[in-house]
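Taking it in order: structure first as structure tokens, then the write-up.
Model, not experiment: these values are computed from the prediction.
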Amino acid sequence: MSELTTAHQREDAGDIEGALVAFRAAQTKCGSLTPPRRARAACAEALLGEAEVLEHAGRTKEATDVYLAVPAKAPDDTATASIATLRAGEMLLRAGETEAAWTALWKCVTEWPDEASAGDALRALVEDGRRRDA
């Protein structure tokens with residue numbers, strides 16, 4: 001998909017806004033790819049790519065919001081939804097937004113317990129909990 005190639009090229013060149021535009025364009029077209037597994041992979045890359053660009057650019061709040069929106073945009077892709085929710089939870093923890101972070105991390109554990117991200121979310125919860133007053 002040319003939009004994804006463009007997005008990665010712009011990101012590598014430091015063109016954050018250009019990369020975001022390209023990732024968003026890829027999100028509108030990815031579902032039409034065939035076979036369905038190719039469409040799912042392209043959509044996952046486009047959805048997570050947008051948030052990753054924002055995260056790497058230090059635009060934490062925007063990145064967190066994009067990550068939290070992924071499950072609604074990819075309801076049939078549990079792996080992508082769980083990865084996005086985990087990343088949002090981790091970012092929220094680093095930002096000191098404990099209640100929102102724990103909500104996201106527990107959602108990852110309870111909604112997608114069979115995904116690898118659920119184990120990572122549980123680990124984050126335990127590590128954070130141990131630093132608090134038990």
Side-chain angles (χ1 to χ4, degrees):
M1 170 176 262
S2 64
E3 289 83 0
L4 289 175
T5 302
T6 300
H8 290 296
Q9 289 172 342
R10 289 184 178 166
E11 180 182 13
D12 291 344
D15 179 7
I16 303 304
E17 294 306 317
L20 292 172
V21 168
F23 275 122
R24 290 173 186 147
Q27 291 171 26
T28 64
K29 295 181 179 182
C30 63
S32 64
L33 295 174
T34 55
R37 66 177 166 67
R38 186 168 171 236
R40 181 173 301 146
C43 288
E45 185 177 349
L47 289 166
L48 294 175
E50 177 186 0
E52 289 167 354
V53 166
L54 290 166
E55 183 178 359
H56 295 146
R59 293 163 62 176
T60 307
K61 173 68 173 126
E62 290 173 82
T64 302
D65 291 344
V66 171
Y67 278 132
L68 290 173
V70 168
K73 293 179 180 181
D76 297 332
D77 188 351
T78 59
T80 301
S82 67
I83 289 167
T85 305
L86 167 66
R87 290 181 183 171
E90 291 172 335
M91 290 177 71
L92 288 163
L93 268 181
R94 287 191 297 272
E97 298 181 38
T98 308
E99 186 175 335
W102 279 48
T103 299
L105 293 169
W106 275 116
K107 180 178 181 175
C108 187
V109 171
T110 59
E111 294 283 325
W112 308 286
D114 295 335
E115 295 295 336
S117 304
D120 293 338
L122 189 57
R123 184 180 306 99
L125 286 162
V126 169
E127 287 174 3
D128 184 62
R130 285 184 175 157
R131 287 190 287 264
R132 299 180 186 281
D133 184 10

Answer yes or no: is there a side-chain heavy-atom contact under 4.5 Å between Gln9 and Thr5? yes
For a 4.5 angstrom cut-off between non-hydrogen side-chain atoms, does Leu47 reach Gln27? yes
Nearest-0.5 Å distance, [atom1] of residue [X] to [atom2] of residue [Y]:
X: Thr98; Y: Leu105; atom1: OG1; atom2: CG; value: 10.5 Å
X: Glu111; Y: Ser117; atom1: CD; atom2: OG; value: 13.5 Å
X: Cys108; Y: Leu122; atom1: SG; atom2: CG; value: 9.5 Å
X: Tyr67; Y: Thr85; atom1: OH; atom2: OG1; value: 11.0 Å
X: Thr80; Y: Ile83; atom1: OG1; atom2: CD1; value: 5.5 Å
X: Leu68; Y: Leu92; atom1: CG; atom2: CG; value: 6.0 Å

Which heavy atom of [X] sits nearest a heavy atom of [Y], and at what distance?
X: Ala84; Y: Leu48; result: CB-CD2, 3.9 Å
X: Thr78; Y: Glu115; result: OG1-OE2, 2.7 Å
X: Glu3; Y: Ala25; result: CG-CB, 3.9 Å
X: Ala26; Y: Leu4; result: CB-CD2, 3.7 Å
X: Ala81; Y: Ala74; result: CB-O, 4.4 Å
X: Ala39; Y: Cys30; result: CB-O, 3.3 Å

Take Lys107 and Trp112 through the test side-chain contact (heavy atoms from CB on, under 4.5 Å) and record every step on the way to the result. CA-CA 8 Å; Lys107 180 178 181 175; Trp112 308 286; 3.8 Å; yes
Applying salt bridge (Lys or Arg N to Asp or Glu O under 4.0 Å) to Arg24 and not counting sequence neighbours gives Glu50
Sequence neighbours left out, what passes salt bridge (Lys or Arg N to Asp or Glu O under 4.0 Å) with Asp128? Give chain and number order. Arg131, Arg132
Applying side-chain contact (heavy atoms from CB on, under 4.5 Å) to Asp65 and Lys61, what does each step give before you reach the verdict? CA-CA 6 Å; Asp65 291 344; Lys61 173 68 173 126; 2.9 Å; yes
May I ask you to decide if Ala79's main-chain N or O and Ser82's side chain share a donor-acceptor pair within less than 3.5 Å? yes
Start with the C-alpha distance between Arg59 and Ile16, add both sets of side-chain angles, then the distance that settles side-chain contact (heavy atoms from CB on, under 4.5 Å), and finish with yes or no. CA-CA 11 Å; Arg59 293 163 62 176; Ile16 303 304; 3.8 Å; yes
Identify whether Trp102 and Met91 are in the same connected component of the hydrophobic contact network (ILVMFWY, side-chain heavy atoms under 4.5 Å). no
Common cluster, Leu54/Val21, ILVMFWY with side-chain heavy-atom separation under 4.5 Å: no
Evaluate Val66 against Lys73 for side-chain contact (heavy atoms from CB on, under 4.5 Å), listing each step before the verdict. CA-CA 10 Å; Val66 171; Lys73 293 179 180 181; 5.6 Å; no
My understanding is that only residues two or more places apart in sequence, or in another chain, count here; which of them pass ring pair (Phe, Tyr, Trp, His ring centres under 6.0 Å) with His56? none
Is any side-chain N of the basic residue among Arg87 and Glu52 closer than 4.0 Å to the acidic one's carboxylate O? yes
Looking only at side-chain N and O atoms, does His8 offer a donor or acceptor that is under 3.5 Å from a partner on Glu45? yes
